[in-house]
Amino acid sequence: MEVYGIRHHGPGSARAVRRALEEFKPEAVLIEGPPEADDLVDLAADPGMVPPVALLAYSPGRTPSADGAEATERRAAFWPFAEFSPEWQAIRYALEAGVPVRFCDLPAAHQLARQEPDADAGDPGPAGPEAPPSAEDGRPAAETPEGRDEPPEQDIRLDPLGWLARAAGYDDAERWWDDVVEHRGDGPSPFPAIAEAMTELRARLAALPEREHGPLPPGCLRREEQREAYMRRTLRRALKDGYERVAVVCGAWHVPALLEKVPAARDERTLRGLPKTKVAMTWVPWTHGRLADRSGYGAGVRSPGWYHHLFTSGDRPIERWLTEAARVLREEDLHVSSAHVIEAVRLAEALAALRGRPLAGLDEVTEAVRAVLCEGNELPVELIQRRMVVGERLGSVPERTPMVPLQRDLQAEQRRLRLKPSALDKEYDLDLRKALDLDRSRLLHRLRLLGVDWGVPQEAQGRSKGTFRESWTLMWRPEFDVELIEAGAWGTTVHGAAAARATAMAAQAATLAELTSLAERCLLADLGDALPAVMRALADRAAVDADVAHLMAALPALVRALRYGDVRGTPTGPLRTVVDGLVVRVCVGLPPAVTGLDDDASREMLGHIDAVHGALSLLGDDDHTARWLRTLRVLVDRDGDRAVHGLLEGRLTRLLLDAGRLDDVPDRMARAVSVGVAPDRAAAWVEGFLSGGGLLLVHDDDLLRLLDGWIAGLPADAFTAVLPLLRRTFGGYAAAERRAIGERVRRLDAAGPPAAARDDDIDAGRAAAAAATALRILGWEAPA
């Protein structure tokens with residue numbers, strides 16, 4: 001029997017394990033991992049299995065609550081493997097050699113049944129994104145306080161490699177492990193020395209007078225004993241089955257426990273009565289980004305891309321790495337020559353020699369990249385870090401991997417729509433007039449309803465794309481497989497599951513705005529099966545909701561849904577009926593709703609009014625628009641105690657002016673900023689009036705003169721009081737608008753308009769062609 005203590009993701013450990021197994025030629029191989037995966041291990045030999053991948057354990061048969069939330073706390077765990085993981089190389093060796101391979105860690109059925117958080121100083125998994133740091137991976141789970149030469153004794157368990165590194169004169173455990181293991185060439189096996197070192201550390205820990213364990217979570221010591229007891233049980237069963245040459249690949253901390261002579265009866269007592277739950281296992285794709293310790297994965301590594309390079313590069317790893325870095329920089333149009341690469345190699349090797357390292361490590365290579373290839377610029381260094389040091393590589397699993405029906409349906413949709421999952425952000429600009437892009441949009445919206453945010457919609461940049469276009473950013477994350485498994489309770493297809501969840505969400509919606517948003521999402525996702533239930537709930541809620549603010553908040557989403565329904569060819573008849581009713585109720589209920597509002601309530605109402613005004617403009621219904629504008633006119637004509645707040649009156653005046661419904665705006669503004677009006681009300685009126693943009697003041701001298709005169713005539717104390725409001729208003733304008741307004745104010749006292757604006761300076765003949773073109777763009781015919 002041989003026990004190989006490894007670091008869970010290390011190229012040196014992986015090479016050493018492969019070499020040791022080839023020399024030992026075991027009859028059976030035991031690997032630290034969940035035994036429930038024994039039936040899945042053969043899939044690792046399939047050509048479709050490309051690391052990084054992970055074993056996923058989850059609790060099947062969970063039923064979501066009616067609103068789509070999880071009925072219970074999520075229970076799932078990952079065991080990731082990269083090409084350079086020692087366990088993966090052990091699996092590959094066993095399958096290629098025809099040797100039985102089993103997993104020997106505590107079963108996932110026990111680990112997922114535990115109520116306390118997963119946390120164990122010596123535990124590499126379940127290696128999910130929330131897993132704690134691992135003792136075997138060479139990094140402390142808790143930072144050592146500054147100014148202390150040695151951590152307390154109880155930290156041995158948390159950071160065994162840190163202790164060994166300090167004993168060797170290193171201040172960085174990662175660098176020490178790289179030097180003694182990961183950067184090793186051919187030579188003696190490191191495993192006897194690792195076993196001896198861990199035995200000494202565990203003996204020192206056991207010799208402490210009291211078992212004080214610092215920041216270790218409660219219960220983790222008991223769990224470590226259970227895991228090691230189960231490993232010994234599995235080892236005994238393998239020997240009992242007649243295998244004499246058994247190889248065990250496990251975390252370095254566990255090696256002494258497996259070599260220790262512990263009675264079987266004691267281990268059975270340790271394992272008796274463990275909580276257990278039903279679990280299912282499968283393989284899922286993983287990414288290098290999720291292997292990085294910065295993602296929170298406990299047994300992660302700082303640089304999975306660098307480690308993959310070290311493992312796959314047979315010779316001259318430094319030269320190959322820097323050559324690839326130069327290629328990446330050239331792709332970004334940065335000038336990097338072969339001379340830069342040669343000089344960077346020399347610098348990295350010189351730094352390694354000065355520091356007494358057997359091979360230039362990532363620190364030395366990065367310094368060479370920064371100094372030579374990037375000439376001190378940090379941005380290109382960050383690019384190398386993202387593209388190469390971490391290296392967003394996404395693995396794949398074979399078609400015959402066990403999956404829930406929803407996962408298989410999504411894979412079929414991805415192939416049909418040519419949407420390949422990627423670990424890197426990928427932008428898609430969809431034209432909804434094309435059948436392929438329309439189906440892509442529907443799929444992404446359905447997944448978002450299921451809580452799978454593979455695609456995130458983006459605002460159109462640079463130019464307005466209208467309702468015929470959508471911009472998405474797609475990036476696949478491993479946890480989406482867990483979310484798909486959970487969403488499988490809603491149905492076996494993406495379309496059916498999304499429709500079922502939308503129906504349940506409609507039944508549980510607490511507000512009218514939630515229902516209108518849900519109706520919009522159903523139209524975007526083309527969920528005709530769910531829309532009737534959503535519309536019934538929406539109509540019922542709208543009929544009894546008397547809060548005008550709620551009705552106004554609900555209207556914009558419904559109008560957008562109508563427009564999207566037109567673009568996508570989705571029937572929107574019931575939705576139009578609800579919109580018609582809401583518009584009438586808003587127009588009737590708005591006048592009493594705006595009476596007696598304070599500053600905060602007025603500002604909130606202003607947001608609702610702007611949203612409704614924009615929605616009705618988008619809707620394009622003349623009758624609704626006319627009714628809305630009549631309502632606004634009634635409000636601005638109020639006076640005395642019935643007058644609305646100055647902020648609302650100013651904004652409504654501006655909306656009516658822009659709609660061509662007012663021809664006495666200068667008189668209204670003169671009254672609003674007259675001497676008899678309180679400065680704070682006048683300032684609020686001006687803020688509301690100008691909130692639509694400053695170009696009005698650029699083109700209307702009368703309004704600008706009124707505003708200028710009012711500001712100039714304010715007493716000192718009143719000016720100080722209203723200044724913040726005015727700064728907020730004018731601060732929202734673009735710099736060009738503010739500059740143009742300033743130029744107009746300087747000319748207010750000049751006779752007549754500026755020379756550039758004189759009608760007699762316009763050449764009608766030269767302007768005719770431009771005017772005709774503008775009219776054609778607007779869809780109008782130029783006058784004969």
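Only this structure's heavy atoms are used, side chains among them; waters, hydrogens and symmetry mates stay out. For clarity, every value in this text was computed on a predicted model and none was experimentally measured.
Side chain of Arg393 to backbone of Pro52: no donor-acceptor contact under 3.5 angstrom is found. A donor-acceptor pair is defined here as one N or O able to donate and one able to accept, closer than 3.5 Å; such a pair exists between the side chain of Tyr93 and the backbone of Leu21. Listed for the His254 side chain is no donor-acceptor partner under 3.5 Å among the backbone atoms of Glu228. When atom types are taken as modelled, the side chain of Thr366 and the backbone of Asp363 share no donor-acceptor pair closer than 3.5 angstrom. At least one donor-acceptor pair closer than 3.5 Å links the side chain of Gln458 to the backbone N or O of Val456. No donor-acceptor distance shorter than 3.5 angstrom exists from the side chain of Ser422 to the backbone of Leu474, with no hydrogens or angles considered. With hydrogens and angles disregarded, a donor-acceptor distance shorter than 3.5 Å links the side chain of Arg232 to the backbone of Ala257. In this structure, Arg245 contributes its side chain and Phe24 its backbone to a donor-acceptor pair below 3.5 Å.
For Arg316, the CZ atom counts as loosely surrounded, since its 6.0 Å shell holds 12 or fewer non-hydrogen atoms of other residues, nucleotides or ligands. Within 6.0 Å of CD in Glu244 there are 12 or fewer heavy atoms belonging to other residues, nucleotides or ligands.
Residues forming a side chain to side chain contact (heavy atoms under 4.5 Å, CB included) with Thr234 (at least two apart in sequence, or on another chain): Leu30, Cys104, Tyr230.
If you check the side chains of Glu224 and Trp253, you find a donor sitting under 3.5 Å from an acceptor. Side-chain polar atoms of Gln111 and Arg223 form a donor-acceptor pair below 3.5 angstrom.
Here the NE2-CD1 distance, from His340 to Ile342, works out to 11.5 Å after rounding to the nearest 0.5 Å.
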**OP:** Report the C-alpha separation of Glu32 and His8 in whole Å, then their side-chain angles, then the decisive distance to 0.1 Å, and conclude whether the side-chain contact (heavy atoms from CB on, under 4.5 Å) test is met.
**Re:** CA-CA 10 Å; Glu32 184 179 328; His8 289 287; 3.6 Å; yes

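When side chains are defined from C-beta on, Arg477 counts as touching Arg290, because their heavy atoms get closer than 4.5 Å.
Checked against Phe78 for a side-chain contact (heavy atoms from CB on, under 4.5 Å), the options Val482, Val53, Asp481 give a single hit: Val482. Just one of Lys261, Arg236, Arg227 meets the salt bridge (Lys or Arg N to Asp or Glu O under 4.0 Å) condition when paired with Asp267; it is Arg236.
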